[in-house]
Amino acid sequence: ALLALLLLRDSPESCGLRADGAAPVTDDSADLPHSEAQMPSATLLEARRSPIFWVYSLGMSVWALFGTAVTYHIVSIFTEAGREASEAFAYFFPNSLVAVSVNLLSSWLADRHRLKPFLLAMIVAFLCGTWGLMNLETDWGYWLMVLGFGSGGGLGGMLSNLAFVRHFGLLHLGEISGLNTSVTVFASAIGPLLFSLGKDLGGSYDAAALICVAGLVALLVAAALVRDRTTPPAG
């Protein structure tokens, strides 16, 4: 509570800053509690009708799905690949290092560039991570899984913070991000189930991984086709 009292602020404007996509704060607008009047804002209904909302939301859902599926089944996945449980638990350390590094770098770059390239990079990273998972018995498969899922997680963390405020504004951000949260939580819930069913019915986790590959390829095509009309804040 003390840290919150000392460090938290009600809005970027109260610190002389601006939210992503908003116009620069002026002396006349510095006292405004929010910057809804400074940037176009979409309603929840408008966001739901926008393909770009679903592309980003489903991209983040993939991040949630893999996050829970791999974590819940990590020992079993590594055992199937002929690896020890100790290697399974050790996987999280390099994965976290990659995720944090990519998150910091992409967050810095996102201030100067549109978000679509990062979305495409996240989907490709998850494709690489899935390919690594399917070849986990090899050293290159292990490191591809680490780099792929780590990079995808780092990019997903950045996009979850910036995508909706930049595309749909601040006025209805709570409703829009709330719908996205519902979708991603659902994906995180079915991730472990999908991998369990793939193991039971297909005899290995490759069956579930192939389903994920098909979904990722379809999502990559959709993300490549959708138009990003936003302007980078620093642009």
Side-chain angles (χ1 to χ4, degrees), residues 51-83 87-88 91-92 94-96 98-99 101-103 106 115-160 163 180 182-226 228:
I52 203 164
F53 169 83
W54 292 107
V55 167
Y56 277 95
S57 186
L58 291 175
M60 295 173 207
S61 297
V62 171
W63 172 37
L65 186 150
F66 276 120
T68 54
V70 173
T71 300
Y72 279 42
H73 298 291
I74 190 68
V75 173
S76 180
I77 290 172
F78 272 66
T79 301
E80 181 179 282
R83 294 180 177 271
E87 294 181 277
Y91 156 82
F92 292 108
N95 176 271
S96 299
V98 172
S101 300
V102 171
N103 182 269
S106 62
L115 296 181
K116 182 175 178 177
F118 299 102
L119 175 64
L120 296 173
M122 180 185 73
I123 299 171
V124 171
F126 281 127
L127 278 169
C128 293
T130 308
W131 185 248
L133 185 150
M134 296 172 65
N135 295 274
L136 187 56
E137 68 279 1
T138 65
D139 287 339
W140 67 264
Y142 171 82
W143 287 109
L144 189 61
M145 180 178 169
V146 168
L147 294 173
F149 287 152
S151 299
L155 290 164
M158 181 274 290
L159 290 172
S160 68
N180 171 67
S182 298
V183 176
T184 55
V185 168
F186 177 76
S188 71
I190 66 171
L193 176 62
L194 175 64
F195 272 58
S196 292
L197 289 175
K199 173 72 170 177
D200 292 342
L201 300 177
S204 76
Y205 290 106
D206 286 354
L210 285 172
I211 294 174
C212 292
V213 167
L216 284 167
V217 170
L219 185 59
L220 182 62
V221 173
L225 294 176
V226 75
D228 183 352

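Values reported hereafter were calculated over all heavy atoms of this structure, with side chains retained and with hydrogens, waters and symmetry mates removed.
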### Query
When you look at M158 and L115, which way does the side-chain contact (heavy atoms from CB on, under 4.5 Å) test go after all the steps?
CA-CA 10 Å; M158 181 274 290; L115 296 181; 4.1 Å; yes
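Residues N135 and M145 have side chains not in contact (no heavy-atom distance under 4.5 Å, counting atoms from C-beta outward). Residues L133 and F149 meet the side-chain proximity criterion, which asks for heavy atoms closer than 4.5 Å. Put simply, the side chain of W54 reaches to within 4.5 Å of the side chain of V183, judged on heavy atoms. Within the 4.5 Å cutoff, no side-chain heavy atoms of F126 are placed close to those of C212. Inter-residue side-chain proximity for I77 and L136 is flagged as met; some heavy-atom pair is nearer than 4.5 Å. The side-chain heavy atoms of V62 and I123, taken from C-beta on, include no pair separated by under 4.5 Å. Between W63 and L155 the shortest side-chain heavy-atom distance does not fall below 4.5 Å. Between L225 and P51, every side-chain heavy-atom pair lies at or beyond the 4.5 Å cut-off.
Here T184 contributes atom OG1 and L65 contributes atom CG; the two are 11.0 Å apart, rounded to the nearest 0.5 Å. Atoms CG and CZ, on L194 and F66 in that order, are 9.0 Å from each other to the nearest 0.5 Å.
The main-chain N or O of T68 is never found under 3.5 Å from a side-chain atom of T71 such that the two would form a donor-acceptor pair. Between the side chain of S57 and the backbone N or O of F53 there is no donor-acceptor pair closer than 3.5 Å.
Of all heavy-atom pairs between S151 and A125, the closest is CB-CB, 4.1 Å. Considering all non-hydrogen atoms of both residues, D139 and R83 come closest at OD1-NH2, 3.6 Å. Across A224 and L120, no two heavy atoms sit closer than the pair N-CD2, 3.7 Å. The two atoms that bring L159 and L119 nearest to each other are CD1-CA, 3.8 Å, heavy atoms only. The nearest pair of heavy atoms linking H73 to S196 is CE1-OG, 2.9 Å. G152 and M122 make their closest contact through O-CG, 3.6 Å (heavy atoms, listed as atom of the first residue, atom of the second, distance).
Listed by first then second residue, pairs satisfying ring pair (Phe, Tyr, Trp, His ring centres under 6.0 Å) with a partner in residues 183-204 number zero, not counting sequence neighbours.
Using cut-offs of 30° and 60° for the angle between ring planes, the Y142 and F78 rings count as perpendicular.
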Only distances under 3.5 Å count here; give the side-chain donor-acceptor pairs of residues 199-211 to other protein atoms, sequence neighbours excluded, each with its distance to 0.1 Å.
| residue | atom | partner | partner atom | Å |
| --- | --- | --- | --- | --- |
| K199 | NZ | E80 | OE1 | 2.8 |
| S204 | OG | D206 | N | 3.2 |
| Y205 | OH | S76 | OG | 2.6 |

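Legend: residues meeting ring-ring contact (aromatic ring centres under 6.0 Å, His included) with F118, ordered by chain and number and at least two apart, are absent.
Remark: Y72 OH is loosely packed, at most 12 non-hydrogen atoms of other residues, nucleotides or ligands lying under 6.0 Å away.
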